[in-house]
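A short worksheet on the structure shown next.
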Amino acid sequence: MNEQQRSILLHSTSCFPLPPGVKLSYGTAGFRADASLLESTVFRVGILAALRSVQTRSVVGLMITASHNQASDNGVKVADPSGGMLSQHWEPFADTLSNAGDPNTLLQLIDDFAKKEKIPLEGASEGEVLLGRDTRPSGEFLAEAAKQGITSIMGVNATDMGVMTTPQLHWMVRSRNKGMEASENNYYDQLSTSFRCLMEYIPKGNRNFNVNDKVIVDGADGVGGEKLEILKKLLSDLSIDVRNRGDGVLNEGVGADFVQKEKIIPRGFGPADVGFRCASLDGDADRLVYFSIELNSNKIVLVDGDKILSLFALFIKEQLNILTGEDGKVNESYQARLGVVQTAYANGASTYYLKQLGLEVVFTPTGVKYLHEKASEYDIGIYFEANGHGTILFSESFLCWLEGRNNELTSTSKCSEQQEAALRLLAVSKLINQAVGDSFSGLLLVEAILKHMGWSMFKWNELYHDLPSRQLKVKVVDRTAVITANAETVVVRPIGIQEAINAETAKYPHGRCFIRPSGTEDVIRVYTEAISQEAADSLANSVATLVDQFLGFNTTK
Ligand code: NG1
Ligand code: ZN
C-alpha cells in the first residue's frame, strides 16, 4: 500500500470509531444490528466491497437493509460480481475488519489481506461499488458511511443507486458484469417482457379457465410496495392491488416473515379480501409467500416457499419432459440435470411430494448462500427456503442448448409443442432473478404458472398437505455456544442437548425437531413437526425449555 493510500485510510477510519463493546459477525445475511450501532461497520464494509471490486476488476454491490427485522434495525451485505452473496472465503476478513479497534490495527489488517489476496493497492487500481438501501430511516446516513468507506480505496467509485429492493441491486451487479444494460428500467422491462411471453404460450385450452386476474400484495410497508407500483403498470393480464406501500411501520404486523411465522392476517387486510389470492413481500422484497384469508377468523391459509418451490418444480419438469422425454436426455452425451435444494425448515410433506415427482432433493444449512451454491451445480437448480426466499438457476450450457433447440425447431417448424416448451423455459430464465431470490419475479412466475395450469390458489395448495409445524425462538446468553452438523439437523455442542432433544422428540409419533443459532438475531431457533398442531406446539415448548436449561440466563456454568 502506498503512502497516499495509507494516509487516506488512517484519516477516514478515525472518523468512524467502533462503539465500545460492540462485536458483530457477518451472519446468514451480512451484518445486522440496531442501526445506531452500525455506522462504523457499514464504513468498513464499504472498504471491503471496494477491495473486492479491485481484486475481481468487476462491479460489486453493497446493500443496506435488515430485511424482515424491525424498523430500528439495519444491516449491510455485499453482492459479489456474479450478483450472488459475498464469497464465503471473505467472510472471516469481514468479521475481523468490522471488529478492529483502532485505525492502525485496521490498516495492518487491510495491508496483510491485500498482500495475501494479491489486491493491488499502489494507486493505479480501479473499481466500482453500486450502493443500494431499503426504506429504513437510518438508510441515508448509513449510505454516507458506506460511501466514505468505498472511496477510501483509491480509484474506486461509489455509485449511489438510492432506494431499491435487495434483488434489484443484485440483478444490476450481475447485469453490469455481463456487459448488459442494468438500469432500474431495464430490470422492469426484462421482467414484464418475459412475463408477457409466458402468458402468450399458455395452452389454448386453459386460457379461459376461471383463474382470478387479481392478486393482492402486502408490501410490508417497505421498498417492495413502491417498486411494485412501477412494475405493475407494465403488466397486462394481471391486476395487482398493492397494500402496505410504506405508510405504516415497516414489518410491524405485516410482511412475509410475519405472515409465515404467525400465520395470521397482516395489517391492511380484512374480511373483504376473503376468496382472493394474497401475497406478502418482506422488508427488502427478496421473500414471497402467498396466503388466503379464512372466513370469520384472523387466521390465514399459508402457501409458503415450499409450495412455491413445488409449483415451480412441477412446471419446469413438465416443460423439460415435453422437450426431452421422461429421462431428461437432451442428446446421447448430455443429460439435463434438474435438482431441488431445501433446508431443514422445509416442511416434511413438501420433501416427500418433490421426491415422489422423481426429483433429486438435497439439503443445505440455512442461508441462501448455501442453497444458491448447491443449486448452481445443476442445469436447472431450484432452491427455496420455507420462508419464501428462493429462485431458479439455469446453467449457461443448458441455456445454450435451449437456444439452439429453439432455433432448430423454428427452422423445421415441425413441432410447435416442443418449441413452446423451449420458449417457456427461456422466458422463465429471464423472468426469474438468477442472482438472488426476488419476490417480484417469484410473484410473476407463480401468476403465470397458475394461469398456465388453469389452477386456483386452492388447487395449488392441494398439491400436498403441510405437516403441522411450529417455530419458536429462545433468548440465550451466547448463541454461538450451539454448534450443529448434518445441515443443522444435529447439535454437537453443548454436549448432551441433542440426546435430550431426541428423548423429547421420541414421545411424539412422526415428530421431528432441530435447533440452531440464528444468523440474523440473537436467539436460538427451535423447529418442530408432528402429526397435530397441538403435538408440534407441545414438542416445541418442551425443547425451548431444554434450550433454556442448557443455555439460558439462569444456567450455572
Ligand atoms: P436466521 O436468523 O439465521 O434463521 C433468517 C432465516 C433464513 C434467511 C435469513 C436471511 C428462518 C428460519 N431463517 O436466518 O432462512 O432467510 O434470515 O434473511 O426463516
Ligand atoms: Zn429479505
Side-chain angles (χ1 to χ4, degrees), residues 25-33 63-71 73-77 79 84-86 132-136 164-170 218-224 227 250-251 254-263 280-289 302 304-306 309 341-347 363-372 383-391 433 435-440 442 469-476 479-480 482 484 487-489 514-529 540:
S25 118
Y26 199 93
T28 337
F31 293 104
R32 281 194 203 172
M63 183 70 196
I64 297 172
T65 176
S67 183
H68 56 278
N69 288 34
Q70 60 194 17
D73 280 358
N74 215 327
V76 57
K77 56 187 168 186
M85 300 295 176
L86 174 68
R133 62 189 154 88
D134 69 15
T135 51
R136 282 160 210 271
M164 55 183 37
T165 73
T166 294
Q168 282 179 328
L169 186 82
H170 284 255
D218 156 27
D221 277 323
V223 56
K227 300 292 182 185
L250 172 75
N251 294 334
V254 289
D257 198 61
F258 172 83
V259 166
Q260 189 233 352
K261 305 239 161 63
E262 306 299 329
K263 298 194 180 98
S280 263
L281 321 178
D282 73 337
D284 60 341
D286 59 357
R287 287 194 199 173
L288 169 76
V289 294
L302 176 72
D304 65 1
D306 299 337
L309 165 67
V341 189
Q342 298 191 300
T343 73
Y345 288 106
N347 194 282
F363 286 83
T364 70
T366 305
V368 285
K369 57 189 175 194
Y370 302 115
L371 289 118
H372 192 97
Y383 71 86
F384 259 88
E385 296 185 308
N387 61 34
H389 189 135
T391 193
N433 193 326
V436 78
D438 183 336
S439 61
F440 291 3
S469 68
R470 176 60 60 201
Q471 214 188 113
L472 293 179
K473 39 189 181 183
V474 187
K475 279 216 169 286
V476 294
R479 74 188 202 273
T480 63
V482 174
T484 62
E488 301 178 321
T489 50
F514 69 93
I515 67 165
R516 57 174 279 280
S518 159
T520 60
E521 291 176 66
D522 204 7
V523 296
I524 298 294
R525 296 196 195 281
V526 175
Y527 178 86
T528 61
E529 269 175 20

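The basis for the numbers below is simple: all heavy atoms, side chains too, and nothing from hydrogens, waters or symmetry mates. Atoms within each ligand, like the ligands themselves, are counted from 1 in listed order. This chain uses plain numbering: 1 for the first residue, then up along the sequence. These numbers come from a predicted model, not from an experiment.
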Checklist entry - In chain order, what residues pass the side-chain hydrogen bond (donor to acceptor under 3.5 Å, both in side chains) check against Lys475, with sequence neighbours excluded? => result none
Next on the checklist: Contact between Val368 and Glu385 at the side-chain level, heavy atoms closer than 4.5 Å - yes or no?
Outcome noted: yes
Checklist entry - Among protein atoms, how many N/O/S atoms lie less than 2.8 Å from the Zn ion (ligand 2)? => result 4
Next on the checklist: Checking side-chain polar atoms at under 3.5 Å, does Ser67 have a donor or acceptor matched by the opposite partner on Asp282?
Outcome noted: yes
Checklist entry - Is there side-chain contact between Thr366 and Glu488, with heavy atoms separated by less than 4.5 Å? => result yes
Checklist entry - Under a strict 4.0 Å criterion on non-hydrogen atoms, which protein residues are in contact with ligand 1? => result Thr28, Ala29, Arg32, His68, Lys261, Arg287, Tyr345, Thr366, Glu385, Asn387, Gln471, Arg516, Ser518, Gly519, Thr520, Arg525
Checklist entry - With sequence neighbours excluded, what pairs up with Thr165 under the side-chain hydrogen bond (donor to acceptor under 3.5 Å, both in side chains) test? => result none
Checklist outcome for this item: Tested for side chain to side chain donor-acceptor pair (under 3.5 Å) against Glu521, the lone hit among His68, Arg479, Lys473 is Lys473
Item to check | Salt bridge flag under 4.0 Å for residues Asp73 and Arg32 | outcome: no
Checklist entry - Taking side chain as C-beta onward, heavy atoms only, is Val476 less than 4.5 Å from Val523? => result no
Checklist entry - Do His372 and Tyr383 make the cut of ring centroids closer than 6.0 angstrom? => result yes
